[in-house]
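If you're wondering where the values come from, they're calculated on a predicted model, not measured in any experiment.
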Amino acid sequence: MARAISTRRKVTFTILGWTIGFLIFFPVLWTVLTSFKTEGTAIATPPQFLFFDWTMENYVAVQNRSNYMRHMSNSIVISVGSTLIGLLVAIPAAWAMAFSPTKRTKDVLLWMLSTKMLPAVGVLVPIYLIFRDWSLLDGLAGLTAVLTLINLPIIVWMLYTYFREIPGEILEAARMDGASLAKEIVYVLTPMAVPGIASTMLLNIILAWNEAFWSLNLTASRAAPLTAFIAAYSSPEGLFWAKLSAASTLAIAPILVLGWFAQRQLVRGLTFGAVK
Amino acid sequence: MGSIRLENVSKSFGEAQVISALDLDIEDGAFVVFVGPSGCGKSTLLRLIAGLEDVSGGRILIDGKDVTTTPPARRRLAMVFQSYALYPHMSVRGNIAFPLKMAGAGREEIERKVKDAARILNLEEYLDRKPRQLSGGQRQRVAIGRAIVREPTAFLFDEPLSNLDAALRVAMRLEITQLHQKLKRTMIYVTHDQVEAMTMADKIVVLNGGRIEQVGSPLELYRNPRNLFVAGFIGSPRMNFIDGAEAKKLGAATIGIRPEHLRLSATEGLWKGRVDVAEHLGSDTFLHIEMDGIGPLTARIGGEFPVRVGDTVHVTPEDGKIHRFDEKGLAL
């Protein structure tokens with residue numbers, strides 16, 4: 001009897017899980033499908049799901065109109081660059097907070113997180129003016145710096161929770177075994193922290209890749225990443241759904257592939273400490 | 001050489017003083033046990049010697065050299081932790097070889113010393129395993145192996161056996177004692193277990209509230225405890241304390257008698273009482289007796305003793321085995 005109930009529950013929850021998963025994924029799927037339609041079919045009612053004349057014309061049109069590769073390389077430079085610089089700052093910070101905390105460590109962590117609660121638009125004007133005066137507008141360096149600073153609290157928090165799981169006694173053992181601080185970091189700390197650093201890195205690349213607010217406001221063409229590239233298809237041309245979808249698909253494809261391959265790392269990184 | 005000397009060493013964490021200015025001399029090759037209840041500062045004292053904590057005052061000398069500000073890596077001490085603290089990403093071989101690698105030893109030397117250590121500790125067949133694939137006792141052996149390969153001046157053990165089950169603890173206790181005899185190096189061993197202290201130590205340091213209560217060989221502490229704390233802490237079962245009229249008769253504020261120094265009789269004796277609980281261990285019998293006008297006493301009788309709960313017994317302390325203490329708790 002108990003077995004029958006549990007099987008029924010399993011079936012119910014499996015169906016429920018797949019349904020929710022499909023609903024969440026549907027907008028992405030619809031965008032991809034629409035990108036292969038003609039502009040006419042894209043707005044047809046009732047909407048056509050799979051049985052329409054598949055075409056690549058939108059991709060050709062998008063390629064002809066804008067330089068996808070340049071936007072993509074901008075996105076890579078900005079997301080990878082901001083993540084690496086962020087890690088460079090965050091690893092020592094998280095290390096200090098996790099292994100030699102002071103009375104104020106908790107306050108500093110909360111204060112860092114509180115900056116994420118401030119609406120970004122609240123600091124848009126001062127940052128825009130700084131960018132204008134320092135000639136950083138539409139430049140990769142400026143945007144990378146802003147994204148580094150914006151995601152830094154998240155990187156520090158993630159690494160901090162991760163490092164806290166490493167028992168301090170192991171580091172002390174390394175010190176007793178004659179390891180200098182540098183050797184302790186290279187031979188003991190880093191190998192133990194690699195999964196945490198990797199998942200933090202992946203998540204941050206995705207966050208930076210998808211960031212739109214600052215990219216749109218601080219870049220125009222030269223340094224515009226893929227988010228700005230999509231946006232360029234929405235306003236000036238009216239509602240060209242199929243082309244917009246093609247641009248969106250091109251923009252999300254690389255990060256989707258990365259996310260697919262790294263999903264196990266990501267889940268482990270996000271739930272680390274919660275599930276032992 | 002491995003003599004260690006503490007001069008006026010103290011340690012505070014913020015407002016709280018954990019170790020109050022103490023002096024201690026540890027001779028080369030000695031097996032010294034720091035024992036005391038939890039929170040007495042014994043682990044902190046060990047960590048001060050290791051260099052994992054900075055002293056708040058005083059000096060630490062190893063072989064006559066001031067190491068107070070020397071980082072742990074350069075004190076030439078090895079430490080075995082309660083949690084084993086093995087490197088989880090390295091094999092047993094990697095763990096044992098790590099201190100040698102840090103010291104810049106050559107490949108052949110590392111290979112030879114790791115093999116030697118593995119042979120001494122019966123770890124030869126586990127060299128390629130990861131720590132998570134080992135049992136508690138094997139992990140503890142790896143931790144000891146990691147300590148012995150670099151031939152340190154002294155070994156520090158921080159409650160190394162408290163995560164093991166009772167049977168394994170007894171076996172490892174013996175192994176560590178044998179290791180000390182083989183290596184003839186200074187060992188400092190921290191435990192809250194007075195049986196470990198009594199069985200392993202050349203010299204016991206009894207700590208309480210960050211102060212040294214007494215230093216001496218196990219039997220010195222057993223025979224001549226300096227105060228009530230040491231008298232009560234060393235020995236199992238615990239020493240019986242009696243105060244009031246019976247103590248006054250002997251000119252003391254409190255008198256103490258060990259359970260094994262009480263003679264029992266069904267018919268005659270100094271004090272009379274009723275048996276509350278009788279614990280028959282076969283080799284010994286522990287009796288908890290409610291004495292008239294004195295209170296509860298514990299008696300230890302060798303072998304089997306035919307007595308039942310509720311029986312009346314007479315108890316007499318052995319001659320010359322009564323410890324007398326003054327109002328301050330110091331031995332008279």
More than 12 heavy atoms of other groups within 6.0 Å of Phe13(B) CZ: yes
Side-chain touch Phe81(B)/Ile170(A), heavy atoms, less than 4.5 angstrom: no
Residues 142-155 of chain B: residues contacting chain A (heavy atom under 4.5 Å, by number): Arg146(B), Arg150(B)
Spacing of Met90(B) atom CE and Tyr187(A) atom OH [to the nearest 0.5 Å]: 9.0 Å
Shortest non-hydrogen separation from Ala179(A) to Ala73(B) and the atoms involved: O-CB, 3.8 Å
Nearest-0.5 Å distance, CG of residue Asp177(A) to CG of residue Leu100(B): 9.0 Å
Any donor-acceptor N/O pair, Tyr87(B) side chain to Ala174(A) backbone, under 3.5 Å: yes
Enclosure of Arg112(B) CZ (heavy-atom neighbours >12, cutoff 6.0 Å): yes
Phe26(A) atom CZ: more than 12 heavy-atom contacts under 6.0 Å: yes
Heavy-atom side-chain contact between Met192(A) and Pro88(B) under 4.5 Å: yes
Min side-chain heavy-atom separation Tyr84(B)-Glu169(A) under 4.5 Å: no
Within 6.0 angstrom of Lys106(A) NZ, more than 12 heavy atoms from elsewhere: no
Greatest number of heavy atom pairs closer than 4.5 Å to chain A - which of Ala50(B), Pro71(B), Gly14(B), Ala103(B): Ala50(B)
Min side-chain heavy-atom separation Val194(A)-His89(B) under 4.5 Å: no
Contacting region of Arg75(B) [heavy-atom separation from chain A under 4.5 Å]: neither
Side chain to side chain, Glu172(A) and Met79(B), heavy atoms closer than 4.5 Å: no
side-chain hydrogen bond (donor to acceptor under 3.5 Å, both in side chains) contacts touching residues 68-86 of chain A (sequence neighbours left out): Thr83(A)-Asn204(A)
